[in-house]
Structure formats: C-alpha cells, structure tokens
Number of protein chains: 2
Amino acid sequence: MLETPKSDRVSRRREATKAEILGAAWDLVGEVGLAGLSLRDLAARVGMRAPSLYQYFDSKHAIYDAMFQQAAQDMLEIRSVEVAPATLRADLLRAAHQFFDLATANAARAQLLFQRTLPGFEPSPAAYAPATELINRLQQAFINGGITHPDALDAWTSLLSGLVNQQLANDPGGDRYKRLVDRFVDMFLADFGPKKKGK
Amino acid sequence: MLETPKSDRVSRRREATKAEILGAAWDLVGEVGLAGLSLRDLAARVGMRAPSLYQYFDSKHAIYDAMFQQAAQDMLEIRSVEVAPATLRADLLRAAHQFFDLATANAARAQLLFQRTLPGFEPSPAAYAPATELINRLQQAFINGGITHPDALDAWTSLLSGLVNQQLANDPGGDRYKRLVDRFVDMFLADFGPKKKGK
DNA sequence: GTCTATAGTTTGATAGAC
DNA sequence: GTCTATCAAACTATAGAC
C-alpha cells in the first residue's frame, strides 16, 4: 500500500498483461512444442509485435522461467498429499492420480518440468522453489504415514514418472498407463509401506 | 556381389564416411544437446563444409533418422532377454541392468529414443523397426518365463523408463536410481511373476 | 506502451565451379 | 566428392519514433 493508487492500477494492469502473455504461450507450445515457441508468434497471439514483449519479459528464457514457475505451482496445488496412517492407501491413490492426471494433461508442461530438453535453459531458484516445496511436503507426508525408508521418495517419483512418460510417449490422450496407477501404488505400498510386524 | 569391384569399394568408402558422420553427430549432440545439432558444426567436426553432408544424407532429419535407427539397434543388442522359468529373477535382473546402463549412458540417445521432443521429427518405419523387434522379443521372453499378465509389458517398461528418466534428470552420471533397479525388479516379480499355486 | 525498422546471427538447403 | 558462394528464412534482441 505504499504505492500510489495510480501506480497500483498500472502495475495491476501490467501483471494482467503478463498473465495473458503466459496464457498464450501455453496455448502456443501446446501446438508447436515447447522448443518451437517463437516470440513473433507469441506476440501475434496477444495482438502485439514481438518487441513489445520485452516490456514484460527480459528475454525468451525469462518467459520459459515464468512458465516453469507456473507449472511447478500447478503441481503444488495438489495439496491433498496429506497422508494419515489410517487412510494411507486411499491417500496415496488420490495423490498418485492427481499427479498423473495433472502431469499428463499437458505434454509441454511435463517436458518443461521433468525433462532437461531446452537448450541452455535452467530454471531460476525462484521458479524452482515450488518444486522443492512439493518434494518437502511429500517427504513429510510419507513420514506422517509411516513410510520411512530413505529410498521411498525416489521410488515413488520414479514409479509415477515412468507411467507419466510412457503415457505421453506411447499413448497420448489415452489411458493405457493410467490404468496401471492403482497397481503401482499397491506395488509401492507392498515394498515401502509400514510393516505390520516388527522386523 | 552383382556390383563391380570398383563400385563396391566406392560404396564401402561411402558407408564408412556415413558412419564417421554419425559418430561425429553423436559426439556433438552429447555436448550441445539433441536439438542443438547444426549441420555446419557437424561438418566441421568431420573436416567438411556443410553442403558436403548432403552427399551422404538427404536432410538433417535423415541424419536424426539414422541416429534413431542406430540407437534402437544398440538397445536391441541386449540379446540377453532370454528368460527361463528356472532363472527368471536372475534373467530379469540382468536384462534390467543392461537396459538401464545402456539407456542412461547417453542422455541424447535416451531423448531421441524415448521422448518425442524434436520438433517435426518422426522416425521412419525402417528406423523404428529395431525398437519393435525389441518389444517383441521382450514379450516372447515374458511368455517363456511364465509372465502372462497382459499389462506386464507396459508395467515393465514403465518401471525401467521411470528409473532411467529420474536418473538422467536428477542425478546424471550418478547411481542414485540405479541402486533401485533390483528392488523394482522384485516389485515387478511380486506382482506379475508366475504364481506358485493355481488361482 | 506499442510501434517500425533493423541489426546481427544462425539455420537448412541449393547451384555450380573445380 | 568437396568446395565457394549464396539464398531464403527464421530467430532474438535493440534503437528510437510516436
């Protein structure tokens, strides 16, 4: 509230335009692929010329960076990683399906988040922060649920990442690998779940 | 043997040059990324100028296509997917490790084979043939080993693909996910392995 | 705040000399 | 079979008018 009303309105308008640009960028990479994004086409899609984009983003990489942060934030919205021992299996099933559905809903987003395929692009620490937060939450959730094996987190992410990747690569838009999610969660629980009896 | 000796020697020389170009291409994409390959740089690496490459490949995509075929053929060299019921676990462990090691040894190769990330590139049927052959062999091996569940093949490839992807993305050059291969094979066997007792 | 104009590169690919 | 020369096009990014 230290800003004057006018500059506040201006900055709000500016944020709205940035959001509009990012929205158009997501549409565009959905059509031409993540690496196929060009500033000319992006500008045209929001009714601008390419140079005008530089009023909102310092570079093309800055746009990718903002997209990365949005994508990581989207994944973080899965706040239902709350896990209780009494409902462990149901909680993990819900979390797994939410992650799988979100990750496979947008191939470009999955490529940006989970693969290092853009030449020269590295997400900034700020953009990466939500991803770290997601891992932390998942780790805490596992502890709460009684899953304590040090490799549990890596195993969980590998299981889901494998299904997501195969779904996107071999059956985009289908459900050939989605049908395996439940089974993989049970495989995970059988190996990493809390043991009924002591060792 | 229908060719004259001279044309045979010429064509042999030609094949050798093509192989040399492909070798340089693998080196190059290992440094600049799969999408970063440029014909100028590639030509320079074999002591040519860019236009000369067109004597050996019709286009840049043709080079990618030949690389894809080589990569798929490399994977097919894992002929130790022979599986017998008596040695099922050991056979699968060996096959899993061979696949994992080969797939993670070259990030660009993994990207070319397992991800659809090159804008506009689709492997030709000829280049794809070894990949299909590999799947067929794996399927036959599973049947021989008593693994008959219709989802077993998808589950197996998902498990391995997840580990490979995470290894390449989060710990390139390390062994953080390689250490999970044995465990994943056992998880797979516990769920999809032949049952001791009839149903 | 958006534009025109353009710089400066890089790219894949072709024509034609040698 | 390799070259020089070059095309035509794309790209990111900047300068400066309005």
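All chains are named by letter (A, B, ...) in the order of the sequence lines, taking the proteins before the strands, and each is independently numbered beginning at 1. What's counted below: heavy atoms across the whole structure, side chains too, no hydrogens, waters or symmetry copies.
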Starting at atom [atom1] of [X], determine the distance to atom [atom2] of [N], rounded to an integer number of angstrom.
X: B:Lys18; N: D:dT2; atom1: NZ; atom2: P; value: 14 Å
X: A:Arg40; N: D:dT12; atom1: CZ; atom2: P; value: 8 Å
X: B:Arg12; N: D:dG1; atom1: CZ; atom2: P; value: 15 Å
X: B:Phe121; N: C:dG12; atom1: CZ; atom2: C1'; value: 16 Å
X: A:Leu118; N: D:dC11; atom1: CG; atom2: P; value: 15 Å
X: A:Leu53; N: C:dT4; atom1: CG; atom2: C1'; value: 15 Å
X: B:Ile21; N: D:dG1; atom1: CD1; atom2: P; value: 12 Å
X: A:Phe57; N: C:dT2; atom1: CZ; atom2: P; value: 13 Å

Return yes if a side-chain donor-acceptor contact under 3.5 Å exists between B:Ser124 and B:Asp65, otherwise no. yes
Is it the case that the side chains of B:Gln166 and B:Asp171 hold a donor-acceptor pair, with the cut-off being a distance below 3.5 Å and no angle test?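 No donor-acceptor contact under 3.5 Å links the two side chains.
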Between [X] and [N], does any side-chain N or O lie under 4.0 Å from OP1 or OP2?
X: B:Tyr54; N: D:dC3; answer: no
X: B:Arg49; N: D:dT4; answer: yes
X: B:Tyr56; N: D:dG1; answer: no
X: A:Ser52; N: C:dC3; answer: yes

Both A:Leu39 and B:Arg13 contact DNA chain D. Which one's nearest nucleotide lies toward the 5' end? B:Arg13
With nearest nucleotides of DNA chain D determined for A:Asp41 and A:Gln55 from heavy-atom distances, which residue corresponds to the more 5′ nucleotide? A:Asp41
Regarding B:Gly47, tell me which of base, sugar-phosphate or nothing describes its non-hydrogen contacts under 4.0 Å with the strands shown. sugar-phosphate
Need one value for A:Leu37: base, sugar-phosphate or nothing, where a base atom within 4.0 Å counts as base even if backbone is also close, heavy atoms only.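 Sugar-phosphate, no base atom in range.
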Whether B:Phe121 and B:His61 hold their rings parallel, tilted or perpendicular, with breakpoints at 30° and 60°: perpendicular
Report the relative orientation of the aromatic rings in A:Phe188 and A:Trp156; use parallel for angles under 30°, tilted for 30 to 60°, perpendicular for over 60°.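 Judged by the thresholds at 30° and 60°, the geometry between A:Phe188 and A:Trp156 is perpendicular.
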Quick one: does A:Thr87's side chain have a donor or acceptor within less than 3.5 Å of a partner on A:Val83's backbone? no
On DNA chain C, check which nucleotide each of A:Pro51 and B:Ser38 is closest to and give me the residue with the more 5' one. A:Pro51
Of all the choices, D:dA13, D:dG1, C:dT2, which nucleotide is nearest to the side chain of A:Met48 once you look at every atom?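 The nucleotide sitting nearest to the side chain is C:dT2.
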